[in-house]
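The structure appears below as structure tokens.
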Protein chains: 2
Amino acid sequence: MRTPPRRPTLADVAAQAGVSTALASIVMRDAPGASDATRRRVLDVADRLGYHPDSRARLLRSGRSRLLGVVFGVQHAFHGDLVTGLYEAAAPLRYELTLSAVTPRRDERTAIGGLLQDRCEALLVLGPQSPTSALATLASRLPVVALGREIRHRAVDVVRNADCQGLHQAVDHLVGLGHRRIVHVDGGRTPGTAERRRGYRDAMRRHGLEREIRVVPGGPTGEDGAAAAATLLDTVPPPEGPTAITVFNDLAATGVLDTLRRAGLSVPGDVSVVGYDDSRLARLTYLDLTTIAQDTATMTTLAIARAVARIEGQDVLQREQVIPPHLVVRGTTAPPPPAPSQIFGKTTAPGA
Amino acid sequence: MRTPPRRPTLADVAAQAGVSTALASIVMRDAPGASDATRRRVLDVADRLGYHPDSRARLLRSGRSRLLGVVFGVQHAFHGDLVTGLYEAAAPLRYELTLSAVTPRRDERTAIGGLLQDRCEALLVLGPQSPTSALATLASRLPVVALGREIRHRAVDVVRNADCQGLHQAVDHLVGLGHRRIVHVDGGRTPGTAERRRGYRDAMRRHGLEREIRVVPGGPTGEDGAAAAATLLDTVPPPEGPTAITVFNDLAATGVLDTLRRAGLSVPGDVSVVGYDDSRLARLTYLDLTTIAQDTATMTTLAIARAVARIEGQDVLQREQVIPPHLVVRGTTAPPPPAPSQIFGKTTAPGA
DNA sequence: ATGAAAGCGCTAACAA
DNA sequence: TTGTTAGCGCTTTCAT
């Protein structure tokens with residue numbers, strides 16, 4: 001009762017349709033050189049038989065795979081957004097994607113290895129963790145595009161977010177609202193941390209707020225944000241308490257929000273908070289987080305375009321493409337409270 | 001300066017090593033029938049040339065692909081957990097996974113189509129959205145295993161969570177802590193909602209609490225949870241306010257938590273909250289959410305085992321495998337507050 | 001232990 | 001428009 005194990009081949013289709021395999025191939029590939037009648041007949045049979053071309057054989061023969069390998073982290077919500085964009089960008093160029101996941105127990109090396117066996121023509125690595133040298137070696141075999149992390153090697157293409165600029169926007173927004181005591185919770189050892197921190201510092205200076213610059217060590221997770229906020233609540237004496245916090249990313253920002261609110265503070269009434277990434281966390285929940293959105297559509301389009309350009313041997317002008325992000329104002333930012341002081345410190349009575 | 005476009009083939013390796021391709025093949029596959037000296041020499045050359053076997057050619061020839069297709073949603077954090085488990089379960093059986101993502105703009109049909117061309121030997125679909133009929137048609141061509149959704153068709157294998165039982169555990173836990181007024185925020189139109197709701201009702205009855213049964217319409221998102229909690233705060237008169245809430249999933253539970261805390265209530269001091277899934281949300285953040293964990297390790301192992309069993313034509317006893325989840329106690333559940341009333345409602349009036 | 005030869009399903013020349 | 005032929009990179013008999 002269960003299916004015959006063998007799937008139909010092109011030869012089966014051709015035979016049933018009474019044509020040669022070559023002709024059937026032409027039809028299946030939608031290539032010129034077959035009459036409409038034949039075309040219909042072949043497609044008909046193919047459909048009836050449930051025929052699907054064997055990409056392996058097809059690509060083996062044609063020498064090319066038109067396959068782009070994508071390495072991503074199943075963990076990262078943001079990678080999901082990027083993968084979405086990559087699929088869309090690849091389709092019109094008639095390239096396919098094969099995905100290989102990095103999981104807690106499957107490292108990037110393994111993920112890349114799998115892709116190599118699939119004969120991808122280029123590799124797109126989202127937030128690569130491998131050392132530059134490993135990526136460089138790889139890049140000597142096939143085009144490699146790194147997304148979202150700076151790689152300083154001439155053989156590796158890079159498409160990334162202008163982290164620095166993102167924090168300029170966050171600070172500009174807050175200053176525009178009237179904030180002056182703005183702190184930054186950084187990303188710890190996460191890639192991008194240094195740039196975002198620098199962006200924060202530069203922007204503060206530009207606004208003449210160098211004396212207000214204060215960076216709190218943080219990290220990429222919710223706990224990191226929560227811990228940083230707790231530190232802030234504990235250590236900054238009430239008169240100097242910040243009225244706004246820029247956080248390394250959205251997830252950490254949620255940790256900050258939670259700690260603030262548990263301490264009885266209102267966001268954005270008492271303190272404003274800005275995240276980074278515009279992840280689903282910021283968008284899709286009740287959180288309504290003001291954040292800096294990475295332009296995923298542009299980033300993915302450029303990444304695919306670059307990979308294809310390399311594959312097709314076109315000349316490439318700039319190895320690194322840095323895309324400006326943009327501010328998305330939502331509900332966690334507002335003008336600072338009129339009274340300039342009694343915000344931070346442990347002895348703040350919860351709201352009536 | 002850029003790499004010669006052609007990658008090394010087995011023939012290249014064989015030539016350089018001074019052996020036949022057949023022998024080189026034996027070495028590369030780690031098959032018996034080659035001397036140690038030869039083995040070393042061939043592997044050496046392969047390494048030096050950066051040779052990676054062409055899986056397409058390899059599998060084309062051997063007639064099998066040992067490839068399992070996985071359809072997953074890039075959106076769903078929980079799918080990330082499952083994919084992680086699937087990779088682990090497949091490796092020891094020497095099967096590979098190829099991933100195909102469902103994104104907001106790439107539907108399940110498309111995702112499955114891609115996999116079919118890759119000549120997977122079976123398909124694992126996480127949380128399938130396709131109609132049963134479509135899955136059934138597919139299953140007539142190759143083994144199909146659905147994860148996490150009930151599919152009523154004899155040709156489709158199913159591995160899923162015992163949703164009903166999960167809510168039993170949640171209610172048992174809360175009752176054990178001394179709660180009686182336990183409400184359930186359901187999942188709206190999300191698959192699994194009905195079962196979880198039923199589990200809640202059954203468990204309440206079993207504890208003689210049928211009069212306390214109260215289901216609030218909810219949904220799978222944070223907003224849904226927040227809205228449901230708001231409704232609860234507004235409508236339930238203070239003396240009857242619940243002391244515990246079981247929520248459809250973790251994400252919605254975070255919405256509930258947020259609303260509760262913004263309303264000045266303490267969790268778990270005033271109200272206990274239990275989620276579902278044990279997603280990273282529950283585990284990895286400051287949230288510390290008590291929840292019902294789906295046993296992803298078992299589910300993925302069974303799913304892979306089932307797919308392989310079907311591929312290898314083994315007899316299968318039960319089409320559907322329903323895995324019991326387990327309670328994970330964290331910080332959002334505690335005994336109910338001593339005073340039985342003044343929890344919900346805007347006017348905190350201690351009843352007599 | 002090693003090699004020669006055939007062929008997996010398909011596409012690309014070329015011929016008819 | 002259609003068919004014939006060769007061969008992609010590899011594994012698999014079957015010799016040696």
Side-chain angles (χ1 to χ4, degrees), chain A residues 4-43 45-46 49-67 94 96 116-121 141, chain B residues 4-43 45-46 49-67 94 96 116-121 141:
Chain A
R6 206 176 63 84
R7 298 202 213 169
T9 72
L10 186 61
D12 297 330
V13 174
Q16 290 258 343
V19 298
S20 70
T21 58
L23 192 47
S25 170
I26 286 175
V27 173
M28 293 314 297
R29 277 176 293 139
D30 211 14
S35 69
D36 275 10
T38 304
R39 231 170 254 284
R40 239 190 312 280
R41 198 149 33 88
V42 170
L43 287 175
V45 173
L49 261 43
Y51 170 74
H52 286 264
D54 184 330
S55 61
R56 262 193 321 278
R58 165 180 281 185
L59 304 171
L60 174 58
R61 170 62 233 217
S62 52
R64 299 200 37 190
S65 70
R66 299 196 77 87
L67 221 51
R94 310 201 63 185
E96 305 269 335
L116 251 22
Q117 297 205 168
D118 289 343
R119 281 296 182 273
C120 308
E121 301 188 46
R141 292 205 203 306
Chain B
R6 205 176 65 82
R7 300 202 213 169
T9 73
L10 186 61
D12 297 330
V13 175
Q16 290 259 343
V19 297
S20 69
T21 58
L23 192 48
S25 170
I26 286 175
V27 174
M28 293 314 297
R29 277 176 294 137
D30 211 15
S35 69
D36 275 10
T38 305
R39 230 170 256 284
R40 238 190 314 279
R41 195 151 34 88
V42 170
L43 288 175
V45 173
L49 262 42
Y51 169 75
H52 285 264
D54 185 330
S55 63
R56 307 196 119 78
R58 164 180 283 185
L59 303 171
L60 174 58
R61 169 63 231 216
S62 51
R64 299 201 36 192
S65 70
R66 299 197 77 87
L67 223 51
R94 310 201 63 184
E96 304 269 333
L116 252 22
Q117 297 204 171
D118 289 342
R119 280 298 182 272
C120 307
E121 301 188 45
R141 293 208 201 303

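Within every chain, numbering begins at 1; the chains are lettered A, B, ... in the order of the sequence lines, protein sequences first and strands thereafter.
Nearest heavy-atom pair across B/L10 and B/A24 is CD1-CB, 3.7 Å.
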Produce a footprint string for nucleotides 11-16 of chain C: one letter per nucleotide, 5' end first; B if the base is under 4.0 Å from any protein heavy atom, S if only the sugar-phosphate is, - if neither.
BB----

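A straight line from CG of A/D118 to C1' of D/dC10 spans 15 Å, rounded to a whole angstrom. For the pair B/L60 CG and D/dT12 C1', the computed distance is 13 Å after rounding to whole Å. The interatomic distance linking A/Q117 (CD) with D/dC10 (P) rounds to 11 Å, in whole Å. Following rounding to the nearest Å, A/R66 (CZ) and C/dC10 (P) show an atom-to-atom distance of 19 Å. Atom-to-atom, NE2 of B/H52 to C1' of D/dG9 comes out at 16 Å; the value is rounded to the nearest Å. C/dC10 atom C1' lies 13 Å from atom CG of A/D12, rounded to whole Å. The separation between B/D36 atom CG and C/dA1 atom P is 9 Å, rounded to whole Å. With rounding to whole Å, B/R64 atom CZ is found 15 Å from C/dC8 atom C1'.
No donor-acceptor pair under 3.5 Å is formed between the side chain of B/T21 and the backbone N or O of B/A11. Remark: the backbone N or O of A/A17 is paired with a side-chain donor or acceptor of A/R41 at under 3.5 angstrom. B/R66 contributes a side-chain N or O that, together with a main-chain N or O of B/R94, makes up a donor-acceptor pair within less than 3.5 Å.
Within the structure, a side-chain polar atom (N or O) of A/S20 is placed less than 4.0 Å from OP1 or OP2 of D/dG3.
Within the 4.0 angstrom heavy-atom criterion, base atoms lie near A/G33. Residue-level contact check: A/L23 touches the backbone only, with heavy atoms under 4.0 Å from sugar-phosphate atoms and none from bases.
Between A/R56 and A/D118, none of the side-chain N atoms (NZ, or NE/NH1/NH2) sits under 4.0 Å from a carboxylate O, so this pair counts as no salt bridge. The residues B/R64 and B/E121 are annotated as salt-bridged, a charged nitrogen and a carboxylate oxygen being separated by less than 4.0 angstrom.
For the residue pair A/R29 and A/S25, a side-chain donor N or O sits within less than 3.5 Å of a side-chain acceptor on the partner.
The residue among B/G63 and B/S35 whose nearest nucleotide of DNA chain C lies closer to the 5′ end is B/S35.
Comparing atom distances between the A/T38 side chain and each of D/dT4, D/dC10, D/dT1 picks out D/dT1 as nearest.
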